[in-house]
Amino acid sequence: MLSRKKHLEVLKARAHEEYEWDVIVIGGGATGLGSAVDAASRGLKVLLLEGHDFAKGTSSRATKLAHGGVRYLAQGNFSLVREALEERGRMLLNAPNLVKPLAFVIPVRNVFQKLFYWLGLKLYDLLAGKLGVGPTTLMKKNEVLRTVPTISQHKLHGGVRYFDAQFDDARLAIALMKTLHKLGGMAINYVPVTGFVKVGEKITAVQARDVFSGECFTFRSKAVINATGVWVDEIRQMDSAEAKPMLSPSQGVHVVVDEHFYPAKEALLVPKTSDGRVLFVVPWQGKTLIGTTDTPRADAPWEPDALPEEVDFILNTAALYLAKAPTRADVRSVFVGLRPLVNAGGEKQNTKSISREHTVITAASGLVTITGGKWTTYRSMAEEVVDLVCEQQGWLNKPTRTRHMRLEDDLPMRKPGSAIHENLVLNEAEIAQAVLEEMAVTIEDVLARRSRALFLDSAAALACMNEVRFVLQNELRLSDEELDRQEDEFRKLVAQYSLAGV
């Protein structure tokens with residue numbers, strides 16, 4: 001049973017005892033959780049501090065695909081594709097309940113297109129080697145129509161089918177958090193880092209604060225990893241006011257519509273949109289997920305807004321390929337993720353040209369920052385950064401054990417009890433599980449990340465708020481004032497995830 005309250009008591013006691021951690025990881029997204037799991041797998045004493053909830057930022061807002069990056073193949077970046085395909089294979093083996101193979105159909109308009117994509121994706125298969133998911137095949141027009149019954153027949157010549165994988169990002173983050181605890185590490189949410197303690201110029205401890213009680217702590221540590229995604233520069237500047245920003249964030253918008261617009265079991269990939277990107281139409285948890293966009297941002301808010309033109313772009317592009325196109329009125333939820341794009345030159349660039357590859361840098365204080373990358377490569381990024389920390393600390397013969405390590409990927413309790421809303425599969429047992437076993441402490445934690453209600457149907461999520469409030473009050477003894485505050489926050493979020501304000 002993972003109780004945040006009990007964890008906090010243990011941490012409080014250790015802070016008073018001046019207990020020294022081997023590694024403190026700041027950030028509870030894919031990279032932070034992956035790094036903490038990797039370090040714990042080597043027998044190190046690990047603490048992960050997350051200022052909000054696990055996977056609150058970018059890590060819960062992906063397109064839910066574990067992929068090698070077909071787009072990087074077109075750019076000739078074979079080493080990046082090979083690494084991602086290898087890691088995709090590991091995700092399928094290490095979290096089989098949460099990561100599943102998924103076939104993709106690329107509609108083509110002539111023979112040249114068909115051969116071009118078929119040859120490229122045969123190379124994709126080749127790069128995957130033994131960890132391949134399935135073979136790329138050519139599809140005749142009638143086979144495409146059978147597979148994707150709602151596809152537009154306009155100029156349709158046939159298609160190419162290839163394989164990648166699909167997963168639930170926020171649930172995989174919870175699986176990593178549970179795995180970390182099983183390995184003897186600790187993770188705590190809602191404990192933001194507020195500063196560092198240094199001896200000379202070297203960091204020797206991390207200062208943090210509990211959001212709910214306001215209590216402050218100092219945690220001693222031999223090494224500190226900054227894995228806060230698009231917010232790494234804030235932590236770097238907390239360490240040194242001279243630190244120059246290393247990121248140029250961009251945002252990706254996704255819209256969710258009902259299944260009947262795309263009642264297929266296989267996904268659709270539009271290989272080249274009007275802005276030179278790819279667009280995915282993906283079956284996801286009884287809904288259809290369509291995205292994404294790539295819009296530069298100068299800031300990095302926790303809840304970025306979708307721009308009206310981004311939503312229109314997604315719907316207009318989908319309309320070119322779907323016989324019955326969804327309109328704004330059909331959108332059940334819209335969510336936005338920020339990409340931590342590494343901008344080595346410091347000047348503004350086109351976000352499509354900025355590297356998606358990750359970067360690891362060490363400051364004079366010893367603070368190790370890792371950022372960039374994507375969910376698919378979270379494990380190899382984590383291995384790389386912990387290898388570096390072990391080398392810096394002189395910790396020898398501590399190899400990673402994560403390559404073949406099964407994650408604690410148990411699924412939510414779907415079977416007992418009936419759903420509490422007709423448009424969702426969420427039931428009371430699942431809510432209790434989130435609160436009692438998965439460290440959910442707010443209405444948003446339960447309805448946005450332990451279950452994906454907010455992302456699937458924002459109005460339905462709002463209708464489930466009272467049931468969640470009841471469980472939080474019963475199990476965590478939260479005050480009426482705190483729950484009222486959470487309700488207000490969640491209502492604002494629902495307004496943002498619906499198209500009302502877009």
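- Summarising the geometry, atom CD belonging to Glu87 is positioned 7.5 Å from atom CD belonging to Glu383; distances are rounded to the nearest 0.5 Å.
- No donor-acceptor pair closer than 3.5 Å links the side chain of Thr359 to the backbone N or O of Thr371.
- For Asp210 against Val191, the heavy-atom pair with the smallest separation is CA-CG2, 4.4 Å.
- Among the candidates Glu309, Gln251, Glu310, the single residue satisfying the side-chain hydrogen bond (donor to acceptor under 3.5 Å, both in side chains) test with Thr295 is Glu310.
- Remark: the backbone N or O of Val471 is not paired with any side-chain donor or acceptor of Asn474 at under 3.5 angstrom.
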Working note: Leu269 + Tyr162, criterion side chain to side chain contact (heavy atoms under 4.5 Å, CB included); need CA distance, chi angles, decisive distance, verdict. CA-CA 10 Å; Leu269 167 63; Tyr162 77 99; 3.4 Å; yes
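- When atom types are taken as modelled, the side chain of Asn226 and the backbone of Val232 share a donor-acceptor pair closer than 3.5 angstrom.
- With hydrogens and angles ignored, the 3.5 Å screen pairs no side-chain donor or acceptor of Gln166 with any backbone N or O of Lys100.
- Using a 4.0 Å cut-off between charged nitrogen and carboxylate oxygen, Asp258 and Arg332 count as a salt-bridge pair.
- Between the side chain of Thr58 and the main chain of Arg339, no donor-acceptor pair closer than 3.5 Å is present.
- At distances below 3.5 Å, not a single donor-acceptor pair connects side-chain atoms of Asp294 with backbone N or O atoms of Arg277.
- Nearest approach of Asp409 to Ala175, heavy atoms of both residues: CA-CB, 4.0 Å.
- Among Lys492, Lys56, Gln496, the single residue meeting the side-chain hydrogen bond (donor to acceptor under 3.5 Å, both in side chains) criterion with Glu303 is Lys56.
- Pairing each heavy atom of Val253 with each of Ile314, the nearest pair is O-CD1, 3.2 Å.
- Here the CZ-CG distance, from Arg328 to Asp312, works out to 5.0 Å after rounding to the nearest 0.5 Å.
- Taking the charged nitrogens against the carboxylate oxygens, Arg297 and Asp305 have no contact shorter than 4.0 Å, which rules out a salt bridge.
- The nearest pair of heavy atoms linking Thr376 to His67 is OG1-N, 3.1 Å.
- A salt bridge between Arg379 and Glu86 is absent, with no side-chain N of the basic residue lying under 4.0 Å from a carboxylate O of the acidic one.
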Does the salt bridge (charged side-chain N to carboxylate O under 4.0 Å, His left out) test come out yes or no for Glu9 and Lys12, once each step is laid out? CA-CA 5 Å; Glu9 283 163 9; Lys12 215 179 285 188; over 6 Å; no
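- Closest approach of Ala39 to Val386, counting heavy atoms only: CA-CG1, 3.9 Å.
- Side-chain atoms of Glu444 and Gln486 form no donor-acceptor pair, as typed in the model, at a separation below 3.5 Å.
- Under a 3.5 Å cut-off, the side chain of Asp233 and the backbone N or O of Met246 do form a donor-acceptor pair.
- The structure places CG of Asp488 at 11.0 Å from CG of Leu483, a figure rounded to the nearest 0.5 Å.
- With Thr377 contributing its side chain and Ala84 its backbone, the two residues share no donor-acceptor pair below 3.5 Å.
- Ser60 places a side-chain N or O within donor-acceptor distance of the main-chain N or O of Ala55, the cut-off being under 3.5 Å.
- Nearest approach of Val331 to Val255, heavy atoms of both residues: CG1-CB, 4.2 Å.
- Using a 30° and 60° split on the angle between ring planes, Phe335 and Trp284 fall in the tilted class, from 30° to 60°.
- The number of heavy-atom neighbours closer than 6.0 Å to CD of Glu487, taken from other residues, nucleotides and ligands shown, is above 12.
- Residue pairs that meet the salt bridge (Lys or Arg N to Asp or Glu O under 4.0 Å) test with at least one member in residues 471-482, sequence neighbours left out, are Arg469-Asp480, Glu482-Arg485.
- With hydrogens and angles ignored, the 3.5 Å screen pairs no side-chain donor or acceptor of Trp21 with any backbone N or O of Phe219.
- Partner Ile188 forms a side-chain contact (heavy atoms from CB on, under 4.5 Å) with one of Arg4, Met177, Glu50 and no other, that one being Arg4.
- Classification of Glu438 and Lys178 as a salt-bridged pair holds, one side-chain N sitting under 4.0 Å from a carboxylate O.
- Among the candidates Leu131, Val133, Leu65, Leu93, the single residue satisfying the side-chain contact (heavy atoms from CB on, under 4.5 Å) test with Arg88 is Val133.
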Given the rule in the ring-ring contact (aromatic ring centres under 6.0 Å, His included) test, do Trp375 and Phe167 qualify, once you have shown the distances and angles that lead to the verdict? CA-CA 10 Å; Trp375 248 116; Phe167 72 108; 5.5 Å; yes
